[in-house]
Protein chains: 2
Amino acid sequence: MLNQIQKKMENTINGLSITDQQLQLVEKLGLMFETPGFQPAAARIMALLMVSDRVELTFDEIRETLQLSKSATSNAINLLLTVQKIDYITKPGDRKRYFRSVIAQWKDGMKDKFKEMEKLGNVMREVLEQRPASTPEFNKNFSEMISLMEYIFQEIPKLFKSWEENR
Amino acid sequence: MLNQIQKKMENTINGLSITDQQLQLVEKLGLMFETPGFQPAAARIMALLMVSDRVELTFDEIRETLQLSKSATSNAINLLLTVQKIDYITKPGDRKRYFRSVIAQWKDGMKDKFKEMEKLGNVMREVLEQRPASTPEFNKNFSEMISLMEYIFQEIPKLFKSWEENR
DNA sequence: TTTCTAGTTCTTAAAATAAAGAACCAAAAA
DNA sequence: TTTTTGGTTCTTTATTTTAAGAACTAGAAA
């Protein structure tokens, strides 16, 4: 009976053991990471490195836990390395790399995301500048929307700053 | 000579005339709208309705200006209608619908986007709550990142409010 | 009533994405 | 030197996305 629950709750494949609850969290987080342009495999790896009990995982632990092929694992890991969402450490007398989530990068990641949205505001202003005077109502609304965007994105860096000061 | 410039600068197909500069803006804006999950055709239509001199365009004006098939135009327009990025008006004695960008929706759109990012914070907290005590360093950094996210997304609605009050 | 307009829907095709599997390779271990 | 480990790279396949084109349709106009 206890064995049955154990079987239901824990999936151990070669070293890394992970619960069903954790796997569900990996899927949920993974879905959220997919939207910012990551392929499913990469998104799941990012998620796994946040969810799993051990925070430094080898290539094979990742591969087997997520049931990926070597190529998919390799490509996803290298993608995440180049965008610096993960990095790795090595251990003396061990050839494997141990990959881990670069949490510090998340702050910069958020900043980048806001910067992206800010760019939209800039193009919008470009659009406004070339609009004809013949559509005053539209132009007014459009201009107001841009003002809002610009206000928000001017204030957001201040939020980062004030958070850093107050913690 | 002037004719040549005219030809180079203006593209008139059946009613709606648009300059090369405007078409370039449509492409640029279109690319930015693609990332939030819009298909190219829909993204370009949104962009066109912001860029073109006339802000209310018919099905065929859109179709011909963007060189789309009827089906692509129809599907993209209906997508944009259901997510309320565009709406349309009708004119007496005219069977066509005139589509236009719903600019007011952009403010809500931004709010939705921030809400999306907020959701990520919530799942992150869920992840934190199930983390083992055996990784204190990781947990601490993770927790700090979540605090930052929560702080930012708690402050952003205030920004919207203060903008609305001050304009 | 028939025809036309303003689209919609269905089927197909092209292209892009994602990942599997096998072959391959460099460095370390035996 | 040969073998093993820890991957990488190449080729192929499956899936998804995007859009074209043709056939179709509801309501208005003739």
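Letters go in sequence order (proteins before strands), and every chain restarts at 1. Everything numeric in this text was worked out from a predicted model, so none of it was measured.
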(Q) What is the separation between atom CG on B/L66 and atom P on D/dT18, rounded to the nearest whole Å? (A) 16 Å

(Q) I need the CG-P distance between B/D94 and D/dG27, as an integer number of Å. (A) 18 Å

Q: Look at the side-chain N and O atoms of B/N78 and state whether any lies under 4.0 Å from the OP1 or OP2 oxygen of C/dT8.
A: yes

Q) Which residue lies toward the 5' end of DNA chain C, B/F59 or A/A42, if each is placed at its nearest nucleotide? A) B/F59

(Q) Applying a 4.0 Å non-hydrogen cut-off, can you work out what A/A76 is touching in the nucleic acid: base, sugar-phosphate, or nothing? (A) nothing

Q) Between the base of D/dG21 and the side chain of B/S71, is there any donor-acceptor pair under 3.5 Å? A) yes

Q: Is it possible for you to check whether A/K158 lies under 6.0 Å from the centre of the six-membered ring of A/W163, through NZ or CZ, and within 45° of that ring's axis?
A: no

Q) Which part of the nucleic acid, if any, lies within reach of B/L68 when heavy atoms closer than 4.0 Å are counted: base, sugar-phosphate only, or nothing? A) sugar-phosphate

Q | Between C1' of C/dC24 and NZ of A/K70, the distance in whole Å | A | 10 Å

Q. Taking atom C1' of C/dA20 as reference, at what distance in whole Å does atom CZ of A/R63 sit?
A. 12 Å

Q. Nearest-Å distance, CD1 (A/I77) to P (C/dA19)?
A. 13 Å

Q: Answer yes or no: does a side-chain N or O of B/R44 lie under 4.0 Å from OP1 or OP2 of D/dT18?
A: no

Q) In whole angstrom, what separates A/D60's CG from D/dT8's P? A) 11 Å

**Q.** Residues B/E116, B/K119: salt bridge by 4.0 Å N-O rule
**A.** yes

Q. Can you say whether the rings of A/Y88 and A/F99 are parallel (under 30°), tilted (30 to 60°) or perpendicular (over 60°)?
A. perpendicular

**Q.** D/dG6 base / A/K96 side chain donor-acceptor hit below 3.5 Å
**A.** no

**Q.** Check: B/P132 main-chain N/O paired with B/N139 side-chain donor or acceptor under 3.5 Å
**A.** yes

Q) What's the CZ-P distance between B/F99 and C/dA6, to the nearest Å? A) 12 Å

Q: Verify whether one side chain among A/Q22 and B/Q130 offers a donor that lies under 3.5 Å from an acceptor in the other.
A: yes

(Q) Measuring from the side chain of A/A41 (C-beta onward, heavy atoms only), which nucleotide among C/dA19, C/dT8, D/dT8 has the closest atom? (A) C/dA19

Q. Which dot-bracket string fits DNA chain C when only Watson-Crick or G-U wobble pairs with both atom distances under 3.5 Å count, crossing pairs get [ ], and | stands for a partner on a different strand?
A. ||||||||||||||||||||||||||||||

Q. To the nearest Å, how far apart are A/R95 CZ and C/dA26 P?
A. 13 Å

(Q) For A/F160, does the six-membered ring have the charged nitrogen or CZ of A/K111 within the cation-pi criterion, i.e. under 6.0 angstrom from the centroid and within 45° of the normal? (A) yes

Q: Would you verify whether the NZ or CZ of A/K96 falls within 45 degrees of the ring axis of A/F59 while also being under 6.0 Å from that six-membered ring's centre?
A: no

